[in-house]
Amino acid sequence: MSQLATRYKEVQDRISAAASAAGRHGSDVELIVITKTHPTIVVAELADLGHRSFGENRDQEAKPKAMELDLLRPNSNFDWHFVGQLQSNKVKSAMSYAKTIHSLDRPSLLKEIAKQLAASETQIDCYIELNLTEDLNRGGLDPSMVKQFADSALAVPGLTLLGVMAVAGLDVDPRVDFETAVRISRELQQIAPEAKALSIGMSADYEVAIELGATHVRIGSAITGPRGNN
Ligand SMILES: *Cc1c(COP(=O)(O)O)cnc(C)c1O
């Protein structure tokens, strides 16, 4: 087995084990492999292992990669997730390959998505991203704004609100941040009962995320290996 295949299998096993330990099923947790900074051939190798859900955080990198992958592995029905901060002027491009945006975090972005949906009569799945830090430069919405923002998102035709996404802060216990995300997720479900999904957990903290109820984990380096700064 290649190193990539070994790491992929190990992460899958650990996801199943973490789910079982929490009294959940491994199949209730979807693995999204984050492939940023890695070449398309790495994604193709994961595709050959049967994987279909991939995530990227920069449109400039994601778009050519998604197109190249379609050429390398045609008719594979890949499921691309956009997980990074999304500039409004990249929305149209991101929506051309991504089925899900994990980083819906501000009214101006919602407005642009609504505009593109109206123009193209397509659909998009979105998570509201939470900013759990004091750093306003990080992506994500202030948790106290979520209900109000969700009301506007729910009114957009073609947009399906799946739930909330969060990245645990640096140098803090991820459990604390994920517990906040769970609490906000419950608040969101009071006005959007279908928006139950919880996109939390990365390479360093996915097991605790699963323990706390993650439905989608976004895992990069634990599978693809280390990357340069991005
Ligand atoms: C890079 C990235 C990930 C994956 O990070 P790893 O630590 O490599 O698992 C997950 N979510 C987002 C938003 C990212 O940018």
Side-chain angles (χ1 to χ4, degrees), residues 3-4 6-15 18 29-40 42-43 45-46 49 51-63 65-66 79-87 90-91 94 97-106 109 124-133 135-141 143 162-175 177-178 180-181 184-185 197-230:
Q3 264 197 342
L4 184 67
T6 306
R7 285 191 298 247
Y8 175 63
K9 183 167 186 317
E10 189 195 330
V11 168
Q12 283 183 313
D13 290 347
R14 285 174 61 175
I15 288 172
V29 182
E30 182 179 330
L31 167 61
I32 301 162
V33 182
I34 307 299
T35 50
K36 65 190 185 200
T37 78
H38 290 280
T40 312
V42 171
V43 193
E45 196 181 330
L46 288 161
L49 296 168
H51 204 77
R52 291 293 176 271
S53 291
F54 300 105
E56 287 278 331
N57 71 336
R58 290 170 61 240
D59 177 65
Q60 305 89 293
E61 180 181 346
K63 186 173 196 172
K65 205 178 280 186
D79 183 8
W80 284 99
H81 296 252
F82 193 90
V83 304
Q85 284 189 42
L86 184 54
Q87 292 169 275
K90 303 287 189 198
V91 165
Y97 54 87
K99 217 169 77 181
T100 311
I101 294 173
H102 288 241
S103 45
L104 177 57
D105 65 352
R106 59 191 193 279
L109 179 58
I124 191 85
D125 291 344
C126 292
Y127 290 84
I128 295 177
E129 180 182 355
L130 308 176
N131 182 354
L132 301 176
T133 72
D135 181 355
L136 297 175
N137 290 322
R138 286 184 52 140
L141 185 70
L162 295 182
V164 299
M165 180 275 227
V167 177
L170 301 168
D171 307 323
V172 295
D173 180 354
R175 184 177 296 273
D177 278 353
F178 291 159
T180 305
I184 304 300
S185 165
L198 195 50
S199 170
I200 53 173
M202 315 189 348
S203 291
D205 51 27
Y206 67 93
E207 285 157 310
V208 55
I210 291 168
E211 180 193 329
L212 295 177
T215 60
H216 293 70
V217 290
R218 310 176 312 273
I219 301 183
S221 47
I223 293 172
T224 58
R227 58 178 174 262
N229 282 337
N230 178 279

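We count ligands from 1, going down the list as the structure has it; atoms in each ligand are counted the same way.
- The nearest non-hydrogen atom to atom 8 (O) of ligand 1, considering only Pro226, Ser221, Ala222, comes from Ser221.
- Residue contacts with ligand 1: Arg227 is included, with a non-hydrogen atom under 4.0 Å away.
- Scanning the protein for heavy atoms near atom 6 (P) of ligand 1, the closest one is Ser203 OG, 3.4 Å.
- Applying the salt bridge (charged side-chain N to carboxylate O under 4.0 Å, His left out) rule to Lys65 yields the partners Glu56, Glu61; only residues at least two apart in sequence or on another chain are considered.
- Of all the atoms in ligand 1, the ones that sit under 4.0 Å from a non-hydrogen atom of Ile219 are 9 (O).
- Note: Phe54 and Trp80 have tilted aromatic rings, judged against thresholds of 30 and 60 degrees for the angle between ring planes.
- Between atom NE2 of residue His38 and atom CG of residue Leu46 there is a gap of 10.0 Å, rounded to the nearest 0.5 Å.
- Here Asp79 contributes atom CG and Lys99 contributes atom NZ; the two are 4.0 Å apart, rounded to the nearest 0.5 Å.
- Distance from atom 13 (C) of ligand 1 to its nearest protein heavy atom, with residue and atom name: Val83 O, 3.3 Å.
- Looking at Lys36, Gln85, Met202 and measuring to atom 14 (C) of ligand 1, the nearest heavy atom belongs to Lys36.
- Interatomic distance, NE2 of His81 versus OH of Tyr97, reported as 12.5 Å (0.5 Å rounding).
- For the pair Val167 and ligand 1, the shortest N or O to N or O distance does not fall below 3.5 Å.
- Annotation: atom 11 (N) of ligand 1 to nearest protein heavy atom, Arg218 NE, 2.9 Å.
- Residue pairs meeting the salt bridge (Lys or Arg N to Asp or Glu O under 4.0 Å) criterion with at least one member in residues 207-226, sequence neighbours excluded: Arg14-Glu207, Arg175-Glu211.
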